[in-house]
Protein chains: 2
Amino acid sequence: MQENLEVRERILTVATTLFHRQGYNETGINQIIKEANVAKASLYYHFATKDDLCIAYLKRRHEVWNDTLQEFIRDKEDKILAVFDFLMEDNEQCNYRGCSFLNLLPEVPPGKKEMLSEVQEHKKGVLAFFEAEIKGSDPDLPFTVYSLFENAIIESQLFQSQEPVLRLKRIVVSLLRANG
Amino acid sequence: MQENLEVRERILTVATTLFHRQGYNETGINQIIKEANVAKASLYYHFATKDDLCIAYLKRRHEVWNDTLQEFIRDKEDKILAVFDFLMEDNEQCNYRGCSFLNLLPEVPPGKKEMLSEVQEHKKGVLAFFEAEIKGSDPDLPFTVYSLFENAIIESQLFQSQEPVLRLKRIVVSLLRANG
DNA sequence: TATTATTCAGACAAGTCTGTCTATATAGAA
DNA sequence: TTCTATATAGACAGACTTGTCTGAATAATA
């Protein structure tokens, strides 16, 4: 009964890359199976529908994002500022494609609750990270920093530039200094 | 040589509604002409391609957004805080569909420069608004408030709720009080 | 050995999409 | 009147989409 993960894994890896790079609706099943070198029936053997594959993609992205971030900040002194450096690295690697989760929002109808829920959970996790790292008297500080970080993602995607990230990082530095 | 604006206007109005509500790639030409009650040849008489219609849509949204905002804040005492109220009104009217401009980003390939440019120009305008309204010693304050406003849009779209807008508005209040 | 799980290639169905084209009609301007 | 601008309905081309299905092959397990 041992499951062969080879094929399933290849599909998920390729789908993750393409969904992120091109968008969900802009990526067809046929492109995925071609680049993953699998038969169409194999894809539908592992994933009942394209939407199911999308859910798996979101869960995978969530894991990878968290793990990569944890690894990245492990030896950094200031974990909060390190997240901005992490974003800049991601921007370079992914050509300023922005956030996989937020990118999905506009192109799925609000009826697809499960997808929406995955996106929400991811962002709750990001906020939780800042809440855990930022101690202080001001209860709004974590949400403020989270919001600035989120706009760093968006703005760098929009202008295809690291400059907004650097600027918002500096802003967060002085915010923390003033309220820490 | 008088141009009949009836049909062109109807197309643009319907396209504006549908692109915003459903997304660009999720809205077909056939749906537009059906709801606008025009012939397909009429659409292609006024707009060479669907992308051209999209550009017109963005320009229209930009105008309408600016005009509606100016009208909304005209009699308000605090123009900055009024923008957050404006957002809440927009959220209710458009069912938390978020920003027409940002929503377009994920689903158009980076090669479509003109669309990207329209989105960039709109956001530059939003930032310029905060820069004009916020005077003070801190040169980063307008960009900070702009970033918080942007995340108010995103967050309320993501969670289909006004709560983030209210919270970020309160945060901006104390930020301005501290730095004004 | 027999059974079951997994994979393959690719045809196919049924629908969507953008954009073109034909052919006709109407109204205003030259 | 003749020409041009604008409008109509709708067929059509060609390419795409997701998902199903056939039929065969392989590999692990009972």
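Basis for what follows: all heavy atoms, side chains included, without hydrogens, waters or symmetry-related copies. Proteins get letters first, then strands, A, B, ... in listed order; numbering begins at 1 in each.
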Is there a donor in the side chain of [X] and an acceptor in the side chain of [Y], or the other way round, less than 3.5 Å apart?
X        : Y        : value
A:Tyr44  : A:Asp52  : no
B:Glu107 : A:Asn25  : no
A:Arg61  : A:Ser100 : yes

*Residues from residues 16-29 of chain A sitting under 4.0 Å of DNA chain C, heavy atoms only?*
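Here the set is empty: none.
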
_For B:Tyr24 and B:Phe19, take the angle between the two ring planes, folded into 0 to 90°, and tell me which bin it lands in: parallel under 30, tilted 30 to 60, perpendicular over 60._
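Taking B:Phe19 first and then B:Tyr24, their aromatic rings stand perpendicular (interplane angle over 60°).
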
Specify the separation, in whole Å, of atom [atom1] of [X] and atom [atom2] of [N].
X       : N      : atom1 : atom2 : result
B:Tyr44 : D:dC12 : OH    : C1'   : 14 Å
A:Leu43 : C:dT7  : CG    : P     : 11 Å
B:Ile32 : C:dG19 : CD1   : P     : 11 Å
B:Lys34 : C:dT16 : NZ    : C1'   : 14 Å
B:His46 : C:dG19 : NE2   : P     : 16 Å
A:Asp51 : D:dT17 : CG    : P     : 16 Å
B:Asn30 : C:dT16 : CG    : P     : 9 Å
A:Ile33 : D:dT18 : CD1   : C1'   : 11 Å

*Looking only at side-chain atoms of A:Tyr45, point me to the closest of C:dG19, C:dT7, C:dC8.*
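Closest nucleotide among those given: C:dT7.
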
*Please tell me which of the listed nucleotides, C:dC8, D:dG19, D:dG10, lies nearest to the side chain of B:Ala41?*
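Among C:dC8, D:dG19, D:dG10, the one nearest the side chain of B:Ala41 is D:dG10.
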
*Is B:Ser42 near enough to D:dT8 that one of its side-chain N or O atoms lies under 4.0 angstrom from OP1 or OP2?*
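Result: yes.
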
*Within the distance-only criterion (no hydrogens, no angle test), does the side chain of B:Lys124 pair as donor or acceptor with the backbone N or O of B:Val119 below 3.5 angstrom?*
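No, because the side chain of B:Lys124 does not come within donor-acceptor range (under 3.5 Å) of the backbone of B:Val119.
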
_Proximity of B:Trp65 and B:Phe72 rings by center, below 6.0 Å_ =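 Not under 6.0 Å, so no.
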
*asked:* Counting the benzene-type ring for Trp, do B:Phe149 and B:Tyr146 have ring centres under 6.0 Å apart?
replied: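 Centroid distance B:Phe149-B:Tyr146: not below 6.0 Å, so no.
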
*asked:* Quiz question: going by heavy-atom distance under 3.5 Å, is there a donor-acceptor pair between the base of D:dG10 and the side chain of B:Lys40?
replied: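 No.
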
